[in-house]
Amino acid sequence: MSLAQLLSHLRALPEMVLLAGACALMLVDLASKSETRRLSYLFAQGVLLIAFCATLFVLSESEGKRYYIFYGLFVSDLLSHVLKLFAFITVSAVLVYARPYLHERGLLKGEFLTLLLFALLGILVMISANSFLSLYLGLELLTLCLYALVALNRDSAASTEAAMKYFVLGALASGLLLYGMSMIYGATGSLLFTDIGPQTAALAASSSSMRTLLVFGLVFVVAGIAFKLGAVPFHMWIPDVYHGASTAVTLVIGTAPKLAAFAMALRLLVNGLPALAVDWQQMLVVLAVLSMALGNLAAIAQSNLKRMLAYSTISHMGFMLLGLLSGVVGGNRLNAVDAYGAAMFYTAVYVLMSLGAFGVLLLASRQGAECERLEDMKGMNRRDPWLAFLMLLMMFSLAGIPPMAGFYAKFAVISAVVQAGQLWLAVAAVAFSLVGAFYYLRVVKLMYFDDPAGVAVPAGGGSARWLLSVNGLALLALGLLPQGLMALCQAAIRSL
Amino acid sequence: MKTLYLLVPLAPLAGAILAGLFGRALGRAGAHTVTILGVLVSFLASCWIFADVLEGNTFNGTVYTWLTSGGVTLEIGFLIDRLSALMMVVVTFVSLMVHVYTIGYMAEDPGYQRFFSYISLFTFSMLMLVMANNFLQLFFGWEAVGLVSYLLIGFWYTRPTAIHANLKAFLVNRVGDFGFILGIALVLAYFGSLDYAQVFAEAPALAAPVTLICLALFVGAMGKSAQFPLHVWLPDSMEGPTPISALIHAATMVTAGIFMVARMAPLYELSATARSVVLVIGGITALFMGLVALTQYDIKRVVAYSTLSQLGYMTVALGASAYSAAIFHLMTHAFFKAVLFLGAGSVIIALHHEQDMRRMGGLKAAMPVTYWTFLLGAISSAGIPGFAGFFSKDAIIEAARHATIPGAGFAYLCVLACVFVTAAYTFRMVFMAFHGAPRYDAHRPPHESPAVVTVPLVLLAIPSVLAGWLVGRFLPVDSAWDFVVHGLVSLPFWLALAGIAAAAILYRRPSSLPKRIAMRLGPLYAVVERKYGFDELYAWLFGAGARVLGTGLWKAGDQTFIDGLMVNGSARVVGWFSGIVRLAQTGILNTYAFLMLFGILAGVTWVIWRFWS
């Protein structure tokens, strides 16, 4: 191997940094004696910062070109850089939000930090995957870490039960995905998306039995993606896991992995199987409509905030799918940049909103008093007006009320759907958003118009509070000035 | 320069945000300092820009693109020309004076910081409105000033009358805004753009229903500028604190309609029909609202009706295509009406919130500064040659005389007759409040207001006397001096003198003459005094009518259809649905796995079905 070849592997520098950092963290954590895990925590944040800078370095060095390394298993393009940057920011924020909560419950162990970093590594690998193999590798790394994280609070029956369910269903879904991959491999004879693309184009044009095999494989692959996103009817794990896991872990599951799932959908469907767009778009229509309907309607009936947010996730992922399914119209990709860009924008904004909403729950929960039922939000404005205001921003954004970023995200997706000529889908999306607004606004109503129930619990302060303020105001700022992020997303999509 | 343009609206906005959100931390003095500072910066920047514009540097450009959708760009942009630069100076100057005046007027009010925040917010909104270079931003400013006006009329929200008045203002303005938004929608539909420059450029060539657009926009102007028959909200808006009456309901906000029509001049020039309507509405408002002012005793209401009448003048000028004259009168009116309002406010505080002119009188000695400034404002308002009001009013009357479109003759008669009426009611006010024997409570004698009140009065009185000499900047006259000399021998001057004389005879000394005249006129007087019964008509037609309609809808629509079918029905559907979901969400792993496999099965079936058929 020549030196140049060796150096070209440096395009995976963020992953390398993270892997080394995560391994080192295990050792560092041995030296960290204190209850607050200050050393390990700072070390983990440091690793994230270095990896972030490494990504920026790789990004600036790539000069907008696309590179394949590790024999085509790993792709380095603008999309991957942007998503990775999002992922680093998200996980860093997760650490800030989760630390006081976990500390108070005696759960702040080295395991949490290490597993989180390894999960992030899985996310990065998925984002840069250019082959079934690397994609699957990343996916398994991510989900194995998540199973363990859900079971972190091993004395809690609910947590262990949730972990068990997640594990069994996850294994099933990953089996389905593998099965689908094997069929596509059988039809095309390749594992690399860059090869599969042209191959399927040729096969899709013919009417051989291979095409049938391909579409069969596609069904299973879409099922695997749908499970990861939590789209109906592959959503059953979401409410139970969100509810059962400790809120800090729910925060982990509800944020950064969505970026990975989005990347997975893009890489598999848009990169790998563009020739079958007609087929998978129809499947996504069904998934999207079912998810929006079930997510929004079921959320109304929930009395537990975490469960409510779980159903809201389902509906939001359904909404995001609307963007993914309107990229190709009548065989041409004219709408692709707008539609996929809108979906990416939606995902990024959703992650930000989800971070904020769970962040508020974490901050409002104190020792012995979890804040996770709807009643716990009552009279929040009187106890802690600023926190209530931040939650109001999150809820407005989730409901898609201008001028919050959530509005613009929905607007962009809907206009992409309309451009694709799927008017009825747009109408359905708006109608279900309207239904969804009810339960978000109910939270606002409870916070502002109801009397506080029970003892007034002082909410904590510190860095989590500051970051949460930044988070909420960022949503407002992105709603007022969305063009920058949108341009970034569209540029990332163009690099695909 | 662009930074300076941005500074003009943003400085008051910053003041409003600081005083509004951090009012408690800033304290009273802090709140008025930041807001006054903001407006002062804005005023100085406006003056600078005005001077720059007079040298010929105009600007039309986008500051920020909000979003692009379906080929329509929604953006924030500024159009700085003589019209908007002048408006900026007037708005910021009057606003600055009112800010200072408020320190004295609201000194004892618990909502001090809130008030300053509102008026600064108003200044921001009004500046956004006048500086706009597109319909969207115009609409934003239009609605924002409406909102602040609503908030301020109901500032003393514990008073039922204030709540009633702000609701009325809000509802009547809704009617106007409906027309306005319809007009904007028509513009968007026919031109595909909301940019002024583009719309004006394409208007002559395009087969768009310009008359319809102009009329719809004018309905908006009728609401905002309180033109007949949408005038009913303005007199009631006097429930708000007096500085607000001066700033919003006399000098600036109500002129937004006038400004808008002047801005749309290229469109209105394409439709003589629309201009005829404008002319007639303006004439009616000018004369008939002036007559009402003669019959009222509440000093603020008299000024309010006089505002209506003066807005009528401006509208006539618009209809007669004398846009410069309209804007000129807008400016002079802003000054002399602000003096009259703030002077009335000064009297009101001195008399411990007494507004009835029958319980005033003889205040001349006790309040010299207020008296002299009020008198100057009154002379200007009456249109005595040499004073600001004369120049602009005379220009309008001349324009109406020379207009040839249908309705011009009627409008000319109205504005001519109104000169007499204006002089009469203005001096009726002067004589009743300041001359004659004192009729106020002798145990609580009035005294002159503090400097924060009198200084703005003096500063506003100066332009309300002198601003007219700028006539050459607006109108093609040879010299202002000739204009004055010519004014001395024209009919309006003698009418104004006759009006003052009539007021002097009737009200200079207590006499029974006014009562006798009222008796003699009988029902006619009653009709005018009751403001032509518009309030009753609307209450009956829209109030009671709406109640009948509402009851019907409530019974038939709400209780059976919406409550029964939709609300409870949808709640039942949701309940039923979540029951199903709960049934599926058993918590048992087998069910979950089964559902997933069911999903796969459905997918596979779909594939097979597709390939077989």
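Fair warning: this is a prediction, and the values are worked out from it, not measured in the lab. First the proteins, then the strands, lettered A, B, ... as listed; each starts at 1.
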Under 4.5 Å from a heavy atom of chain B, the part of [X] involved:
| X | value |
| --- | --- |
| A/Phe227 | side chain |
| A/Leu294 | both |
| A/Gln302 | neither |
| A/Tyr166 | neither |

Shortest non-hydrogen contact between A/Pro233 and B/Gly599, atoms and distance: CG-CA, 3.9 Å
Locate the shortest heavy-atom distance separating A/Phe234 from B/Met596; write the atom from each residue and the value.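 Minimum heavy-atom separation between A/Phe234 and B/Met596: CE2-O, 3.3 Å.
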Under the rule for salt bridge (Lys or Arg N to Asp or Glu O under 4.0 Å), what residues qualify as partners of A/Arg211, not counting sequence neighbours?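 Listed in chain order: A/Asp279.
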Which one, A/Asp240, A/Leu290, A/Val232, leads in non-hydrogen pairs under 4.5 Å with chain B?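 Highest number of heavy-atom pairs under 4.5 Å: A/Asp240.
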I'd like to know which of A/Ala299, A/Ala223, A/Pro239, A/Ala293 tops the heavy-atom pair count under 4.5 Å against chain B. A/Pro239
Give the interface residues of residues 168-177 of chain A toward chain B, defined by a heavy-atom separation under 4.5 Å.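 The residues closer than 4.5 Å to chain B, in numerical order, are A/Val168, A/Leu169, A/Leu172, A/Ala173, A/Leu176.
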Across all chains, not counting sequence neighbours, the side chain to side chain donor-acceptor pair (under 3.5 Å) partners of B/Thr591 are B/Thr586
Which pairs, with at least one residue in residues 121-146 of chain B and sequence neighbours excluded, count as a salt bridge (charged side-chain N to carboxylate O under 4.0 Å, His left out)?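 Passing the test, one end in residues 121-146 of chain B: B/Glu143-B/Arg174.
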Is it the case that atom CG in B/Leu7 sees more than 12 heavy atoms from other parts of the structure closer than 6.0 Å?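 Counting other residues, nucleotides and ligands, CG of B/Leu7 exceeds 12 neighbours.
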